[in-house]
Amino acid sequence: MVPLSSTDLVAQAHGLLGRTLHGHGVTVRLTEVEAYAGPDDPASHAATRTPRSEIMYGAPGRLYVYRSYGLHHCANVVTGPSGHAAAVLLRAGEVVDGLDLARQRRGVVDDDARLARGPGNLASALGLTLADNGADLDGDDAPRLGPPGGPGRPVVTGPRVGVASAADVPWRFWLEGETTVSAYRRNPRAPGGPGALRP
DNA sequence: TAGGCGATGACCT
DNA sequence: GGTCATCGCCTAC
């Protein structure tokens, strides 16, 4: 196994900002992501290796989709390498193509910035479901990632949203000034003090 | 097999 | 700011 340093993971997360993700008829430009380090990260689903999290232990460049609170789907990009289970949660994006379809899926017509704000909404706008779990993002079929490119504007760093463990690890990254970025909300179960895990 | 919990989001006050 | 809907997954027994 090749150890993945936190700086590499941060670089992977930064690399996804500003990049496009093509879903089922909808394309978004990623504006907010969160990094999860794998078995060493108590906030990651990969902290316990189970059939659900197994996809994160596989090859990088694949999509990990899970259902949260019985209502929403959340999408991650496995950043690997194989066996390390590092992944980046896609939290928000700007819909740049397929606006009508995204509005139809989300039922939002008055504020395009809300179409893909929040991981559940992002997955919904893209039409991502559990059926997309394990999809190869470098393949020809949707979902797939667009070509790498710079974020285009300064990247802001902050603590991760909603996690009960390691809530203070500043592995949430978003593009400065983007209206599509979701609001910060701390998990009520998270301890008040600084987290034990620091990059 | 049953019970508890969660990387959420929308609505209400 | 607070509450609640809702169900797949994990763990304990």
Side-chain angles (χ1 to χ4, degrees), chain A residues 6 9-10 12-13 16-17 21 23 28 30-58 62-79 84-95 102-134 143 157-174 179-192 195-199:
Chain A
S6 59
L9 179 58
V10 168
Q12 295 269 16
L16 286 171
L17 287 173
L21 177 63
V28 303
L30 298 173
T31 60
E32 182 188 4
V33 299
E34 273 179 11
Y36 288 86
D40 296 333
D41 184 353
S44 172
H45 286 181
T48 54
R49 189 166 184 167
T50 65
R52 180 178 67 157
S53 62
E54 191 63 29
I55 185 69
M56 299 172 75
Y57 285 85
R62 294 196 176 269
L63 196 66
Y64 166 48
V65 181
Y66 67 92
R67 200 172 179 85
S68 180
Y69 288 84
L71 300 172
H72 319 285
H73 289 95
C74 300
N76 299 247
V77 175
V78 178
T79 58
H84 197 88
V88 176
L89 170 68
L90 310 178
R91 287 201 56 89
E94 175 192 9
V95 178
R103 289 172 183 148
Q104 184 180 332
R105 283 173 176 155
R106 293 276 296 107
V108 174
V109 295
D110 59 329
D111 185 2
D112 289 343
R114 287 175 51 201
L115 289 175
R117 179 186 291 164
N121 291 335
L122 177 69
S124 175
L126 287 170
L128 297 177
T129 67
L130 293 177
D132 297 297
N133 192 31
T157 300
R160 294 180 291 190
V161 176
V163 296
S165 304
D168 294 284
V169 176
W171 278 357
R172 174 173 170 246
F173 311 101
W174 66 94
T179 58
T180 54
V181 174
S182 59
Y184 175 68
R185 180 167 53 171
R186 188 181 181 86
N187 189 309
R189 298 171 189 276
L197 185 70
R198 289 278 179 186

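So you know, we letter chains A, B, ... as the sequences are listed, proteins then strands, and number each from 1. Nothing here was measured: the structure is a model prediction, and the numbers come from that model.
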Visitor: Taking only residues two or more places apart in sequence or in another chain, which ones pass side-chain hydrogen bond (donor to acceptor under 3.5 Å, both in side chains) with Arg67(A)?
Guide: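 If we apply the side-chain hydrogen bond (donor to acceptor under 3.5 Å, both in side chains) test to Arg67(A), skipping adjacent residues, the hits are His73(A).
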Visitor: Indicate whether Tyr36(A) forms a stack on dA7(B); treat it as stacked only if centroid distance is below 5.5 angstrom and interplanar angle below 30 degrees.
Guide: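 According to the criterion (under 5.5 Å, under 30°), yes, Tyr36(A) stacks.
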Visitor: My understanding is that only residues two or more places apart in sequence, or in another chain, count here; which of them pass side-chain hydrogen bond (donor to acceptor under 3.5 Å, both in side chains) with Arg49(A)?
Guide: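 Listed in chain order: Glu54(A).
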Visitor: Should Asn187(A) be listed as having a side-chain N or O under 4.0 Å from OP1 or OP2 of dT8(B)?
Guide: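 So the side chain of Asn187(A) is outside the cut-off, no N or O lying under 4.0 Å from OP1 or OP2 of dT8(B).
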Visitor: Would you please name every residue forming a side chain to side chain contact (heavy atoms under 4.5 Å, CB included) with Pro159(A), sequence neighbours left out?
Guide: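 So Pro159(A) forms a side chain to side chain contact (heavy atoms under 4.5 Å, CB included) with Tyr184(A).
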Visitor: Does the distance from a Lys or Arg side-chain N to an Asp or Glu carboxylate O, for Arg160(A) and Asp168(A), drop under 4.0 Å?
Guide: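 Not counted as a salt bridge, because no side-chain N and carboxylate O are separated by less than 4.0 Å.
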Visitor: Starting from P on dA7(B), measure out to CG on Leu90(A) and report it in whole angstrom.
Guide: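 Rounding to the nearest Å, CG of Leu90(A) and P of dA7(B) are 16 Å apart.
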Visitor: In chain order, what residues pass the ring pair (Phe, Tyr, Trp, His ring centres under 6.0 Å) check against Phe173(A), with sequence neighbours excluded?
Guide: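 Scan of Phe173(A) (ring pair (Phe, Tyr, Trp, His ring centres under 6.0 Å), adjacent residues dropped) gives His14(A).
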Visitor: Under the side chain to side chain contact (heavy atoms under 4.5 Å, CB included) rule, collect the residues that match up with Leu16(A), sequence neighbours excluded.
Guide: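 Expected list: Arg19(A), Leu30(A), Val33(A), Val77(A), Val88(A), Leu90(A), Leu145(A).
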Visitor: Indicate yes or no: at least one non-hydrogen side-chain atom of Glu34(A) is less than 4.5 angstrom from one of Val161(A).
Guide: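 Touching, per the 4.5 Å side-chain cut-off.
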Visitor: Check DNA chain B for consecutive Watson-Crick or G-U pairs with both distances under 3.5 Å and list the runs of at least three as stems.
Guide: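 Stems for DNA chain B, defined as runs of 3 or more consecutive pairs: B:1-6 with C:7-12, B:8-12 with C:1-5.
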Visitor: Quick test: give all pairs of protein nitrogen or oxygen and nucleotides 11-13 of chain B nitrogen or oxygen below 3.5 Å, distance rounded to 0.1 Å.
Guide:
none

Visitor: Taking CZ from Arg185(A) and P from dG2(C), how many angstroms apart are they, rounded to a whole number?
Guide: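 After rounding, the reported distance stands at 12 Å.
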Visitor: Tell me the interatomic distance from Arg189(A), atom CZ, to dG4(B), atom P, rounded to whole angstroms.
Guide: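 In whole Å, dG4(B) P lies 12 Å from Arg189(A) CZ.
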Visitor: Please name all residues satisfying ring pair (Phe, Tyr, Trp, His ring centres under 6.0 Å) with Tyr66(A), sequence neighbours left out, ordered by chain then number.
Guide: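 Partners of Tyr66(A) under the ring pair (Phe, Tyr, Trp, His ring centres under 6.0 Å) test: His45(A), Tyr64(A).
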Visitor: Going by side chain to side chain contact (heavy atoms under 4.5 Å, CB included), name the residues that satisfy it together with Ser182(A), two or more places apart in sequence or in a different chain.
Guide: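 Ser182(A) satisfies side chain to side chain contact (heavy atoms under 4.5 Å, CB included) with Glu32(A), Arg91(A), Arg117(A), Arg172(A) only.
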Visitor: For Arg106(A), enumerate each residue passing the side-chain hydrogen bond (donor to acceptor under 3.5 Å, both in side chains) test, keeping only those at least two apart in sequence or located in another chain.
Guide: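 side-chain hydrogen bond (donor to acceptor under 3.5 Å, both in side chains) check on Arg106(A) returns Asn121(A).
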Visitor: How would you list, by chain and number, every residue that makes a side-chain hydrogen bond (donor to acceptor under 3.5 Å, both in side chains) with Asp132(A), sequence neighbours excluded?
Guide: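 For Asp132(A), the residues satisfying side-chain hydrogen bond (donor to acceptor under 3.5 Å, both in side chains) (neighbours in sequence not counted) are His24(A).
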Visitor: Could you tell me how far apart Arg186(A) (CZ) and dT8(B) (P) are, to the nearest whole angstrom?
Guide: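 Those two atoms, CZ and P, are 14 Å apart.
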Visitor: Starting at OH of Tyr184(A) and ending at P of dA7(B), how long is that distance when rounded to a whole Å?
Guide: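 Taking atom P of dA7(B) as the reference, OH of Tyr184(A) is at 13 Å.
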Visitor: Atom CZ of Phe173(A) and atom C1' of dA7(B): how far apart are they, to the nearest Å?
Guide: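 The distance from CZ of Phe173(A) to C1' of dA7(B) comes to 15 Å, rounded to the nearest Å.
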Visitor: Generate the contact string for nucleotides 5-13 of chain C. Rules: B means base contact, S means sugar-phosphate contact only, - means no protein heavy atom under 4.0 Å.
Guide: BBBSSSS--
